[in-house]
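Worksheet: the structure to be examined is printed underneath.
Letters A, B, ... mirror the listed sequences (proteins, then strands); counts begin at 1.
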2 protein chains.
Amino acid sequence: MSVDETDAVEPLSAAGKPLTKRGEATRTRLLEAAEHVFAELGYHEASIVRITERAGIGLGTFYLYFDSKQAIFEALAIDLNRRVRHAMSDEMAGATTRIEAERAGFAGFFRFTAEHPALYRVVRESEYVSPGTMRLHYQRIVEGYEEGLRAAQAEGDVDPGLDPEVTAWTLMGIGELIGMRYLLWERPEGQVPRLPDGVFESVMRVVRNALAPGEERR
Amino acid sequence: MSVDETDAVEPLSAAGKPLTKRGEATRTRLLEAAEHVFAELGYHEASIVRITERAGIGLGTFYLYFDSKQAIFEALAIDLNRRVRHAMSDEMAGATTRIEAERAGFAGFFRFTAEHPALYRVVRESEYVSPGTMRLHYQRIVEGYEEGLRAAQAEGDVDPGLDPEVTAWTLMGIGELIGMRYLLWERPEGQVPRLPDGVFESVMRVVRNALAPGEERR
DNA sequence: CCATAACCTGAATCGGGTTTCAGGTACGCA
DNA sequence: TGCGTACCTGAAACCCGATTCAGGTTATGG
């Protein structure tokens, strides 16, 4: 699951110039503020003023770092995408079988979702704000997934009759709706939620069934 | 799968008065126009003027039928929800085994999605416009689903180790992302798209694997 | 300790869309 | 054919926030 290739990160100003330490810090504060504000209010209710206020920065300063409201939204979406993919692949690092990898990947995804509800809010809303960005998000996740499934099929870990691309999309769909239902809808006042163990195990059972080759089942 | 109980439909004006034939027709034209306009532009880009123009109706008339832009959006979301559930349950009517029912339900869902891309656009965006409406949508679908799975477990058609609620959400997730990817992203210029057979069969294989009790697999 | 880049500021401009309102128009029943 | 009810209309009032701009402030290295 090649996560790093895609992600060259060098912070630039709106004009495309490289930034000094100070500038970079300001840019980061804007992105952090944007994560909270967009997550709380959604794109249209959110305003630049709120973002800059939360960042403790003057309104005009915003435009030194981003061309527009849409631009910071896209930057944030891409940043969240990079971070969730890293969260997943970090977690999967030690896995030996495919099902172990799936379990770890899902765990990483759910953990990240719990800690960063903005992921959902921003990615799902990007469909309306910046469709290309949304596609990028899903495609980047599916890519690695598909690759992993194909390899696991070669190993005999996964039902060889499954189409890796389609299967990758189904698995992503499972993660998406389960996360939405059990992590975003039931959010204990101000706490980071946790997927109930029973739910996680149930999901993994569905996934195991779906992928298992031959007749194994427990 | 009790679809009808939920759906009492009697068209009212914004003031809550019942409507004559003429009024009802106007209301319907507004909803139809809204379906297209919201699907094409999304909530915020869409404007009342565009909706009324498309409906061939004066701007002011709009407010005789709906309190606000948000109100027609919600009405449309609820209408689409009702229609997609009917599409699914109609298709499932003849099925005898659970897997047949799943196949039929998915087919109905995909057909409806292909014909009414507004379903996705509106339901997914309702998360930002009217969160309660979105939850209603998913919950209403899951409800019937869960019930069906429980019954199928009793019949021995479905792995008894699965949690019906969680499983219902995973299946809905599968449908959602597959529909998005293969029906909304690849939309032949102005034609109603169709899920490639290969994709449909692959999805059904995942579903069959996921639900199958014991060791059967083909 | 000065020069010069890099960075910061927020009042004012500007554009756009929802909603209201004051006044018509069509339909159907006596 | 007259009259009340239900329906229709679009110009203008109103609200709101993204973006610009003319001019400060801070850091750094010579």
Side-chain angles (χ1 to χ4, degrees), chain A residues 10-34 36-38 40-76 122 125-126 128-130, chain B residues 10-34 36-38 40-76 125 128-130:
Chain A
E10 183 181 8
L12 300 178
S13 76
K17 306 268 176 210
L19 294 172
T20 66
K21 267 255 143 71
R22 182 156 67 130
E24 197 176 321
T26 303
R27 202 189 115 103
T28 301
R29 289 170 65 195
L30 281 170
L31 271 178
E32 273 166 7
H36 284 97
V37 174
F38 281 133
E40 190 182 330
L41 302 173
Y43 183 78
H44 294 278
E45 292 303 306
S47 70
I48 309 288
V49 187
R50 272 187 110 116
I51 293 172
T52 53
E53 265 172 7
R54 169 147 193 151
I57 277 173
L59 171 54
T61 307
F62 176 88
Y63 289 90
L64 297 176
Y65 294 91
F66 299 95
D67 282 331
S68 63
K69 185 179 177 182
Q70 171 156 345
I72 195 177
F73 184 86
E74 283 171 11
L76 178 60
V122 169
E125 195 163 20
S126 69
Y128 304 91
V129 175
S130 171
Chain B
E10 182 180 7
L12 300 177
S13 76
K17 307 267 177 213
L19 293 172
T20 66
K21 264 258 143 71
R22 183 157 67 131
E24 197 176 320
T26 303
R27 201 189 117 102
T28 301
R29 289 170 65 196
L30 281 170
L31 271 177
E32 272 166 8
H36 284 97
V37 173
F38 281 134
E40 189 182 329
L41 302 174
Y43 183 78
H44 293 278
E45 292 304 306
S47 70
I48 310 288
V49 186
R50 273 188 107 117
I51 293 173
T52 52
E53 264 172 7
R54 170 150 192 148
I57 277 173
L59 171 54
T61 308
F62 176 88
Y63 289 90
L64 298 176
Y65 295 92
F66 299 96
D67 283 330
S68 64
K69 186 179 176 182
Q70 173 156 344
I72 194 177
F73 184 87
E74 283 172 10
L76 178 60
E125 195 164 20
Y128 304 92
V129 174
S130 171

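Considering only side-chain atoms of B:Leu64, the nucleotide from C:dT19, D:dA18, D:dC7 that sits closest is D:dC7. Nearest to the side-chain atoms of B:Arg22 among the listed nucleotides C:dC8, C:dA26, C:dT18 stands C:dA26.
In this structure, A:Leu59 atom CG and C:dA12 atom P are separated by 13 Å, rounded to whole Å. The separation between B:Arg27 atom CZ and D:dA6 atom P is 17 Å, rounded to whole Å. Rounded to whole Å, atom C1' of D:dA18 lies 16 Å from atom CZ of A:Arg50. Taking atom CD of residue A:Glu24 and atom P of nucleotide C:dC7, one finds them 10 Å apart after rounding to whole Å. The interatomic distance linking A:Tyr63 (OH) with C:dC7 (P) rounds to 19 Å, in whole Å. B:Arg29 places its CZ atom 14 Å from the P atom of D:dC7, with the value rounded to the nearest Å. B:Ile48 has its CD1 atom 20 Å from the P atom of D:dA12, to the nearest Å. At whole-Å resolution of the value, NZ in B:Lys21 and C1' in D:dT5 are 18 Å apart.
Distances shorter than 4.0 Å separate none of the side-chain N or O atoms of A:Thr20 from OP1 or OP2 on C:dA5. When the side-chain nitrogen and oxygen atoms of B:Tyr65 are compared with OP1 and OP2 of D:dC8, one or more of them lie within a distance under 4.0 Å. The side chain of A:Ser47 places no N or O atom within less than 4.0 Å of a non-bridging phosphate oxygen (OP1 or OP2) of D:dC16. Distances shown here put a side-chain N or O of A:Thr26 below 4.0 Å from the OP1 or OP2 atom of C:dC8.
Ring orientation note: the planes of B:Phe73 and B:Tyr43 are nearly perpendicular, at an angle over 60° on the 30°/60° scale.
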Applying side-chain contact (heavy atoms from CB on, under 4.5 Å), run through A:Tyr65 and A:Leu31 and close with a yes or a no. CA-CA 10 Å; A:Tyr65 294 91; A:Leu31 271 178; over 6 Å; no
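Among all heavy-atom pairs drawn from B:Ala33 and B:Ile51, the shortest one is CB-O, 3.5 Å. Here the closest non-hydrogen pair linking B:Gly56 and B:Arg29 is O-NH2, 3.7 Å.
Here A:Gly60 lies in heavy-atom contact (under 4.0 Å) with a base. At the heavy-atom level, B:Ala46 lies under 4.0 Å from the strands shown only through sugar-phosphate atoms.
Proximity of a side-chain donor or acceptor of A:Ser126 to a complementary backbone N or O of A:Val129 within less than 3.5 Å is not detected.
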